Amino acid sequence: MKSNEKQCGMRRLNEWGKVLGKIHKPMDHSDADICRDISSDQRLNFASVSVVIPARNEAVGLATLLPELLDQLPGAEIILSDDGSTDGSSELARTLGAHVQRRPYGAGNGAAIKSGVRAATREWVVFMDGDGQHRAQDVARLVKRLSEGYEMVVGARNSEGQASRHRGLANAFYNRLASWMVGHPVKDLTSGFRVVRRKKFMEFLHLLPNGFSYPTTCTMAFFRAGYPVAYESINVQQRQKGTTSHVRIWRDGVRFLLIIFKIGTLYSPLKLFAPIAASFFFTGLAYYAYTYFTIHRFTNMSVLLFSASVIVFLIGLVSEQITALMYRDAEGT
């Protein structure tokens, strides 16, 4: 029995070796220039960096990413947060020398993030995907920005880096809405590639969902708390062959609505609810003026619109107080 397990393990390692040989590509000249730009002092700072990679069945992408991280981030703590993978991702990570936090079943990207950051021991934590989209050489650029006094630096994708057209449009809408809410340009609200100060991130750990919208929650929480946030432009690669997105079109539609409300409720609910209440009020006022001059009546529709404006405003007011209490509790942790 043990000999069969050993042979199975050897076959799997051989398969990973073939994967590494097929998909590993040397850095091009631009990537090499980026690495040369990082001074020896900056490279030493990786000793204060933990890299958390949430993954589920991403062995193909990890076979390329992990060796590059270990090579380009000397002294960094590399942690794979395995969300119930069945393709040997954890075994591969251990073989390559990374630390592994494994869940027995899948609970979501946010759950993997929380598990990974709890296991991290360094001052700064880098979050990046294990599907091959995020490049190891870009980590140094994000870390370098921390010396400017930021508590979080986010890798911002361009339009070409979006997974699909409809998701790109949705993300553009999220960015505009978030920018209006916080009064500061938000270049990529949903990017999963970022570096944060672990102590600050832990303040909001209880706010993070177990699903896919943890970047939204994290970003809005940092802005609400007044922590400085920066954005660094990055290039995103195509997913490695053999990996698939765990988000589907119909789920994206639901996420679209949920994230809109989350953006509002996480930062300043009144800033979202007050304009909606005002629109109901002025619509009711206009409709009342129309009916008054045409049929000389105050109709039920006007009553409904005025009532809706008051209800929406009061919901926003209560939400504002709940949000204030929520962040007060976070600051006390």
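Quick caveat: nothing in here was measured; it's all calculated off a predicted structure.
Between the side chain of Asp188 and the backbone N or O of Arg157 there is at least one donor-acceptor pair closer than 3.5 Å. Distance alone, capped at 3.5 Å, places no donor-acceptor pair between the Asp138 side chain and the Ile234 backbone. Within the 3.5 Å criterion, the main-chain N or O of Tyr227 finds no donor-acceptor partner in the side chain of Glu151. The closest donor-acceptor contact from the side chain of Asp83 to the backbone of Ala55 lies at 3.5 Å or more, if one exists at all. A donor-acceptor contact shorter than 3.5 Å is absent between the side chain of Arg198 and the backbone of Arg122. Proximity of a side-chain donor or acceptor of Lys187 to a complementary backbone N or O of Glu232 within less than 3.5 Å is not detected. At distances below 3.5 Å, not a single donor-acceptor pair connects side-chain atoms of Gln101 with backbone N or O atoms of Gly116. Checking side-chain atoms of Asp71 against main-chain N and O of Pro67 turns up no donor-acceptor pair under 3.5 Å. Without hydrogens or angle criteria, Asn109 side chain to Gly211 main chain gives no donor-acceptor distance under 3.5 Å. Between the side chain of Asp129 and the main chain of Asp131, no donor-acceptor pair closer than 3.5 Å is present.
Counting only heavy atoms from C-beta outward, the side chains of Ile79 and Val100 never approach each other to under 4.5 Å. At least one side-chain heavy atom of His99 sits less than 4.5 Å from a side-chain heavy atom of Glu77. Contact annotation: the side chain of Val312 never approaches that of Phe281 to less than 4.5 Å [non-hydrogen atoms, C-beta and beyond]. Between Leu73 and Val49 the shortest side-chain heavy-atom distance does not fall below 4.5 Å. Considering only heavy atoms from C-beta on, Val126 comes within 4.5 Å of Phe193 through its side chain. Using a 4.5 Å cut-off on side-chain heavy atoms (C-beta onward), Lys200 and Met152 make no contact. Annotation: side chain of Phe173 is not in contact with side chain of Leu169 (no heavy-atom distance under 4.5 Å). Contact check for Leu304 versus Met301: side-chain heavy atoms found under the 4.5 Å cut-off.
Counted by atom type alone, Ser89 and Arg56 present zero donor-acceptor pairs between their side chains at under 3.5 Å. No donor-acceptor contact under 3.5 angstrom links the side chains of Arg103 and Ser90, judged on distance only. Neither side chain, Ser85 nor Glu58, offers a donor N or O lying under 3.5 Å from an acceptor on the other.
Checked against the 6.0 Å centroid criterion, the rings of Tyr288 and Phe298 qualify as a close aromatic pair. For Phe273 and Phe313, the gap between ring centers reaches or exceeds 6.0 Å. The ring of Phe222 has its center closer than 6.0 angstrom to the ring center of Phe204.
Of all heavy-atom pairs between Leu142 and Val154, the closest is CD2-C, 4.4 Å. When every heavy atom of Ser302 is checked against every heavy atom of Gly284, the shortest pair comes out as OG-O, 3.9 Å. Between Pro54 and Ile113 the shortest heavy-atom distance is CG-CD1, 3.6 Å. Heavy atoms only, all atoms of each residue included: Arg194 and Leu189 are closest at NH2-O, 3.6 Å. Here the closest heavy-atom approach between residue His206 and residue Glu203 is recorded as CE1-O, 3.3 Å. Between Ser81 and Ala112, the shortest heavy-atom contact is OG-O, 2.5 Å.
Taking CG of Leu96 as the start and CG of Leu69 as the end, the distance is 10.5 Å to the nearest 0.5 Å. Summarising the geometry, atom CZ belonging to Arg224 is positioned 11.0 Å from atom CG belonging to Leu207; distances are rounded to the nearest 0.5 Å. Here OG1 of Thr216 is found 8.5 Å from CG of Asn171. Values are rounded to the nearest 0.5 Å. The CG atom of Leu208 lies 8.5 Å from the OH atom of Tyr214; values are rounded to the nearest 0.5 Å. For the atom pair OG of Ser48 and CZ of Phe46, the computed distance is 9.0 Å after rounding to the nearest 0.5 Å. In this structure, CD1 on Ile53 lies 11.5 Å from CG on Asp82, to the nearest 0.5 angstrom.
Cluster annotation: Val303 and Tyr290 are assigned to distinct hydrophobic clusters (Ile/Leu/Val/Met/Phe/Trp/Tyr, side-chain heavy-atom contacts under 4.5 Å, transitive). Side-chain heavy atoms closer than 4.5 Å link hydrophobic residues (I, L, V, M, F, W, Y) into clusters, and following such links, even through other members, never connects Phe280 to Leu317. Under a hydrophobic-cluster definition in which Ile, Leu, Val, Met, Phe, Trp and Tyr are linked whenever side-chain heavy atoms come within less than 4.5 Å, directly or via other members, Phe127 and Met202 are assigned to the same cluster. Ile315 and Leu325 fall into different hydrophobic clusters, where Ile, Leu, Val, Met, Phe, Trp and Tyr side chains are chained together by heavy-atom contacts under 4.5 Å. Val318 and Tyr267 are assigned to two separate hydrophobic clusters, defined by single-linkage of ILVMFWY side chains at heavy-atom distances under 4.5 Å.
Using cut-offs of 30° and 60° for the angle between ring planes, the His296 and Tyr292 rings count as perpendicular.
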Applying ring-ring contact (aromatic ring centres under 6.0 Å, His included) to Phe306 and Phe282, what does each step give before you reach the verdict? CA-CA 8 Å; Phe306 283 132; Phe282 286 110; 9.6 Å; no

Check the pair Glu320 / Ser268 against side-chain contact (heavy atoms from CB on, under 4.5 Å), numbers first and verdict last. CA-CA 6 Å; Glu320 187 79 23; Ser268 179; 3.4 Å; yes

Evaluate the criterion salt bridge (Lys or Arg N to Asp or Glu O under 4.0 Å) for residue pair Glu91 and Arg94; output intermediate values, then yes/no. CA-CA 5 Å; Glu91 292 85 349; Arg94 290 192 184 97; 5.3 Å; no

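At least one test fails for Lys199 against the ring of Trp124: distance under 6.0 Å to the centre or angle within 45° of the axis.
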